[in-house]
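This is a predicted model, so every value here is computed, not measured. A, B, ... follow the sequence lines: proteins, then strands. Residue 1 opens every chain.
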Amino acid sequence: MDSILDKGYEPHEVEKRWYAYWEANNLFAASEDSNRPAYSIVIPPPNVTGVLHMGHALNITLQDILCRYRRLCGDNVLWMPGTDHAGIATQNVVERSLSAQGIDRHQLGREKFVEKVWEWRKTYGSAIINQLKKLGASCDWHRERFTMDEGLSRSVKKVFVQLYEQGLIYRGHYIINWCPRCMTALADLEVEHEAHDGTLYHILYPLSEGEGGPIVATTRPETMLGDTAVAVHPEDDRYAALHGKQLTLPLTGRTIPVICDTYVDRKFGTGALKVTPAHDPNDFEIGRIHSLPSPKVIGDNGIMTEEAGKYQGLDRFACRAAVLKDLEAAGLLIKVESYNHGVGHCYRCHTVVEPNLSKQWFVKTKPLAEKALEAVKSGQAKIVPEKWEGDYYQWMENIRDWCISRQIWWGHQIPAWTCSQCNEIMVALEAPTHCPTCNSSHLIQDPDVLDTWFSSALWPFSTMGWPDETHLLKTFYPTSVLVTGFDILFFWVARMMMMGLRFMDQVPFHDVYIHALVRDENGKKMSKSTGNVIDPIDIIKTYGTDALRFTLTAFAAQGRDIKLSEKRIEGYRNFINKLWNAARFSFMHIQEDHSAAAFSDLSLPDRWILDRMKTVTRQLADALDTYRFNDAAGDLYQFVWHEFCDWYLEFIKPALYGNKGKAEQQSAKNVLWRVLHDTLILLHPIIPFITEEIWDKLPGANGSIMQATFPSFDDTLSPIAFDPDAVEQMTLVMAVINAIRNIRGEMGISPSQALRVLIQSSDEKTRHLIDQNQEFIVNLARLNDLAIAAAGEKPKATATAVADQAVILVYLEGIIDFGKEAARLEKEITKINVELEKLDKKLNNQGFINQAKPEVVDKTKEQRQGYTEKRDKLAVNLEKIKSIQAE
RNA sequence: GGGCGGGUAGCUCAGUUGGGAGAGCAUCGGCCUUACAAGCCGAGGGUCACAGGUUCAAGCCCUGUUCCGCCUACCA
């Protein structure tokens with residue numbers, strides 16, 4: 001019999017064809033005017049410079065599952081796509097490409113450079129979007145947004161101006177984290193701390209008058225050139241004599257004072273602290289209190305400044321070496337000890353970050369954080385898995401002001417102008433023409449741009465047209481859920497909460513689903529430099545998109561990282577192929593539309609699979625509603641492969657081939673059609689392509705599967721029913737088949753050899769059930785004869801098994817090895833005895849009988865009863881085998 | 001320094017109110033049974049990190065120990 005499907009599923013052509021079809025037919029589009037329930041997700045905007053990695057693949061797959069699922073449930077779904085402009089990263093990329101041509105951005109000037117970046121974006125910016133499409137992402141692409149677009153830029157300015165006017169944005173001189181390579185300030189979050197085996201240097205600072213002097217300890221000796229004091233604790237007896245004394249700063253000859261400050265930790269190092277106000281945040285604070293000068297000895301580019309005297313022009317690390325050499329020569333380097341401490345690195349280029357004194361813009365975060373904290377505590381927004389709420393709380397409670405200015409050119413230029421006459425600062429949406437104070441027209445816009453995360457923080461409402469009161473906002477804000485990795489919980493989620501609450505007065509999302517990080521098979525973070533990256537696009541080429549999506553979904557357990565290896569993807573590719581072949585088989589028998597068929601003449605397997613279908617439908621809905629993606633994938637895998645394919649299809653083959661009459665053939669086809677139909681819908685959110693392809697070939701399935709209706713598990717609406725009797729009966733039938741297969745396997749009997757079996761049972765119901773379904777047993781256990789009896793003698797040359805109330809005797813004339821059979825039975829009996837011992841121990845325990853729930857006690861008694869009967873039946877047969885052996 | 005997560009079969013991991021230890025892969029044995037060898041049938045394999053405690057009952061709850069990972073932090 002022919003099938004309309006080819007042998008073996010070939011994903012690539014299929015994926016291309018259906019994605020184009022979906023887009024062409026506008027099936028991803030949200031409606032702004034619909035009375036269906038609204039469901040919305042904004043995409044975590046990937047960097048426009050980005051290349052798709054596994055983290056994106058997981059993130060996109062999970063969102064796509066939710067969106068496709070909600071569409072099947074009848075919701076009006078908006079999945080808002082877009083990218084962010086990734087200020088520092090993009091500027092770095094473009095600078096690098098220019099420098100390959102021998103061009104420095106300063107030669108070009110700001111305006112030309114920004115033009116170049118836009119050009120770059122036009123050429124390469126859609127690359128990541130096209131990759132998202134390869135994953136099957138059903139975003140509403142017509143609404144795609146970019147953080148540097150006109151509309152979003154307007155939102156950014158508006159927010160900046162309002163926060164400034166409300167006193168929540170301020171400008172000031174502070175020590176910030178500075179990347180000397182990117183030449184910009186960084187927020188605290190943008191610094192990655194790494195444990196570093198460094199060195200603690202002990203240096204003698206001689207008294208200007210007299211002998212000796214304090215010894216200070218430092219990990220960064222080059223900063224001593226900028227020291228303006230040595231601080232000791234006022235109550236530290238060791239240094240009481242130094243109070244008010246002057247020191248000669250080595251290598252510079254400058255005179256600096258000894259000051260007293262309780263900040264100094266007497267227990268650390270020598271208890272004497274060198275103070276470098278321009279290059280350390282704590283020293284800056286001490287310097288401010290004691291009115292110390294703060295010379296900058298390290299320049300913004302990491303090169304020593306004029307203030308560093310003869311070290312001017314040296315790189316900061318070269319300077320460190322030089323300073324140490326000179327100190328040693330002068331006999332001032334007293335002690336050198338190894339010391340493990342954290343060193344900050346730039347999260348974009350990994351250069352060692354330098355604390356740097358400069359003028360920056362900050363967001364006052366406390367007032368914003370309070371509301372963001374409250375929103376989660378009160379349940380307005382829910383974080384899943386819940387454990388992340390603790391991290392969120394801790395961060396919000398200890399939040400520090402956010403440095404938002406960056407000294408780069410690519411980004412939203414800060415809408416602040418300074419009057420060059422009177423230094424008045426103006427912050428406004430539009431460029432002012434005159435200074436309101438002195439009326440000068442010499443106004444200079446602040447050259448800095450805003451942190452990219454500042455614009456990302458507005459994403460849930462800026463993408464929907466804010467500050468205008470759009471239909472989109474009314475329909476889809478707050479969004480339903482945000483799906484993202486924990487690595488940007490603070491960078492992004494926390495800040496969206498703050499901004500959303502501030503400007504929309506509502507949380508930006510009801511749920512936040514935090515998913516795992518994808519790692520390599522050894523649990524290492526995938527990175528280009530380690531060379532352990534598995535490229536999703538390569539995987540798609542080899543195994544197909546559906547295989548990748550199913551794998552990621554199956555591994556997306558809450559609260560754990562995903563260790564990915566190709567081996568696993570291969571396994572799930574096999575599942576895709578299995579589904580394909582099941583459909584291929586089905587189509588050999590289904591040639592017409594069975595959608596309207598009423599179920600009648602149902603066989604036991606029919607009734608069973610319909611119950612299972614319904615159960616798995618409910619399980620899937622439960623799993624997706626609670627973001628248990630791995631359960632969703634696992635339940636479907638189990639159902640499709642091990643129930644539908646392994647059992648149901650095998651059971652109904654005789655019926656389908658017409659061996660059991662027209663009525664049963666028709667019934668089997670009706671049920672097969674229904675189960676295939678519903679299963680495709682259940683699978684579609686996870687594996688959209690193959691399900692669409694099969695759906696397309698399924699008679700009576702109209703339109704795209706994207707427009708299908710999720711099967712109901714409400715009994716009153718569903719054409720199929722829960723059927724616990726069928727499940728119970730099938731359990732026995734399958735147990736009988738399993739028992740016979742087990743004997744066949746253990747006794748080493750070829751599958752091609754048909755067997756003769758006698759089933760004895762004193763239970764009439766059991767006999768009846770087996771009799772009713774004997775054709776199924778004969779077929780799947782490969783029997784040539786099945787007899788059923790109430791009781792009787794055990795025939796001589798048989799192997800024995802027990803399934804519930806049934807004793808199964810397999811005739812093995814001529815091939816039985818009695819020794820082998822005796823061993824097999826003994827093994828089985830031993831296993832049962834182990835279980836019985838455990839149960840007896842429980843039941844002999846008065847505490848258990850008296851205190852455990854009665855249903856638990858009853859269940860335990862039943863179990864003991866069952867095991868005892870089974871063991872006794874096997875034991876009787878074992879005795880017989882032994883007596884035969886003895887003959 | 002503070003906080004969080006994890007340690008379950010050879011490997012990767014599930015295990016949702018405490019009540020008979022599971023899956024996938026790998027391994028071993030048997031099969032080209034007309035949807036599928038990317039397959040079918042069968043089998044073996046675990047002191048649930050360690051030590052205590054609560055309980056009639058602990059992989060699950062509590063305490064301590066240990067190992068691994070991550071986040072966070074202004075002690076030079």
Side-chain angles (χ1 to χ4, degrees), chain A residues 1 3 5 7-9 175 188-189 193 200 216-220 223 231 263-265 267-276 280-285 339 341-342 355 387-388 390-391 394-395 398 400 486-487 489-490 517 521 523 543 547 554-555 557 559-565 567-568 570-589 626 628 630-631 634 637-638 642 645-646 649-650 653 657 738 741-752 780 782 835 838-839 841-842 845-853 855-857 859-860 863 867:
Chain A
M1 225 177 283
S3 173
L5 298 187
K7 188 171 173 171
Y9 175 61
I175 293 261
D188 296 338
L189 268 180
H193 293 272
L200 192 58
V216 300
T218 181
T219 54
R220 297 192 302 151
T223 63
Y263 167 80
V264 178
D265 179 356
K267 291 191 286 290
F268 188 87
T270 60
L273 172 69
K274 63 190 273 307
V275 182
T276 324
D280 183 281
N282 302 310
D283 293 8
F284 175 76
E285 190 56 22
Y339 182 64
H341 63 127
K387 66 162 182 165
W388 292 108
D391 288 51
Q394 207 191 338
W395 191 74
N398 299 303
R400 290 159 58 198
F486 62 80
D487 49 331
L489 181 60
F490 307 139
L517 233 52
E521 56 192 313
Y543 301 100
F555 280 94
R560 206 189 266 258
D561 288 347
I562 296 175
K563 291 185 194 168
L564 195 67
S565 76
K567 199 80 193 157
R568 311 223 169 97
E570 196 184 317
Y572 288 105
R573 186 272 316 263
N574 295 351
F575 173 75
I576 301 294
N577 195 52
K578 185 75 181 178
L579 173 66
W580 179 258
N581 278 294
R584 189 172 117 85
F585 172 76
S586 301
F587 287 156
M588 291 175 178
H589 302 280
T626 52
R628 288 179 292 110
N630 61 319
D631 287 343
Y637 184 98
Q638 164 70 21
H642 299 304
C645 292
D646 286 352
L649 291 182
E650 296 302 327
K653 273 179 182 173
Y657 287 123
N738 279 333
R741 283 174 171 175
N742 173 275
I743 288 173
R744 193 188 280 279
E746 296 265 294
M747 302 300 280
I749 301 158
S750 159
S752 56
L780 295 200
R782 284 182 184 266
E835 292 305 318
K838 283 192 214 165
L839 295 173
K841 203 176 153 195
K842 271 191 177 180
N845 181 338
Q846 276 308 309
F848 177 73
I849 300 293
N850 296 334
Q851 292 181 64
K853 281 174 281 186
E855 59 266 33
V856 173
V857 177
K859 199 175 149 197
T860 309
Q863 283 168 358
Y867 275 124

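Taking atom OH on A/Y867 and atom C1' on B/G20, their separation rounds to 6 Å, with Å as the unit. Distance CG (A/N581) to P (B/G39): 10 Å, rounded to an integer number of Å. Rounded to whole angstrom, the span from the OH atom of A/Y657 across to the C1' atom of B/A35 amounts to 8 Å. Whole-Å rounding puts the A/H341 NE2 to B/A73 C1' distance at 15 Å. Taking atom CG on A/L489 and atom P on B/G5, their separation rounds to 15 Å, with Å as the unit.
Taking the side chain of A/Y637 as heavy atoms from C-beta on, and the options B/G24, B/U12, B/G20, the nearest nucleotide is B/G24. Considering only the side chain of A/Q851, B/C56 comes nearest among B/G5, B/G19, B/C56. Taking every side-chain heavy atom of A/R741 into account, B/C41 is the closest of B/U33, B/C41, B/A38. Distances were taken from every side-chain heavy atom of A/F848 (C-beta onward) to each of B/C56, B/A14, B/C71; the shortest belongs to B/C56.
Base contact: A/K653 has a heavy atom under 4.0 Å from a base atom. Residue contacts for A/E746: at a heavy-atom cut-off of 4.0 Å it reaches the sugar-phosphate backbone alone, with no base atom in range. Using a 4.0 Å heavy-atom cutoff across all strands shown, A/D265 reaches at least one base atom of the nucleic acid. As judged by a 4.0 angstrom heavy-atom cut-off over every strand, A/Y263 is placed among the base-contacting residues. Residue contacts shown for A/D280 are absent, as no nucleic acid heavy atom lies under 4.0 Å away. Nucleic acid contact class of A/D283 (heavy atoms, under 4.0 Å, all strands): none.
Taking 4.0 angstrom as the limit, A/Y9 places none of its side-chain polar atoms (N or O) nearer than this to OP1 or OP2 of B/A35. Residue A/K853 has no polar side-chain atom (N or O) positioned under 4.0 Å from OP1 or OP2 of B/G18. Contact between the side-chain N/O atoms of A/Y339 and the OP1/OP2 oxygens of B/A76 is found at a separation under 4.0 Å. Proximity of A/N577 to the phosphate of B/G39: no side-chain N or O atom is located under 4.0 Å from OP1 or OP2.
Rounded to whole Å, the C1' atom of B/U63 lies 11 Å from the corresponding atom of B/U54.
Side-chain atoms of A/K578 and base atoms of B/C36 include a donor and an acceptor less than 3.5 Å apart. In the interface, the side chain of A/E650 is paired with the base of B/A35 through a donor and an acceptor atom under 3.5 Å apart. Within 3.5 Å, a donor on the side chain of A/N282 pairs with an acceptor on the base of B/C74, or the reverse. For B/G20, its base sits under 3.5 Å from the side chain of A/Q863 at one donor and acceptor pair at least.
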Applying side chain to side chain contact (heavy atoms under 4.5 Å, CB included), run through A/N282 and A/E285 and close with a yes or a no. CA-CA 5 Å; A/N282 302 310; A/E285 190 56 22; 5.6 Å; no
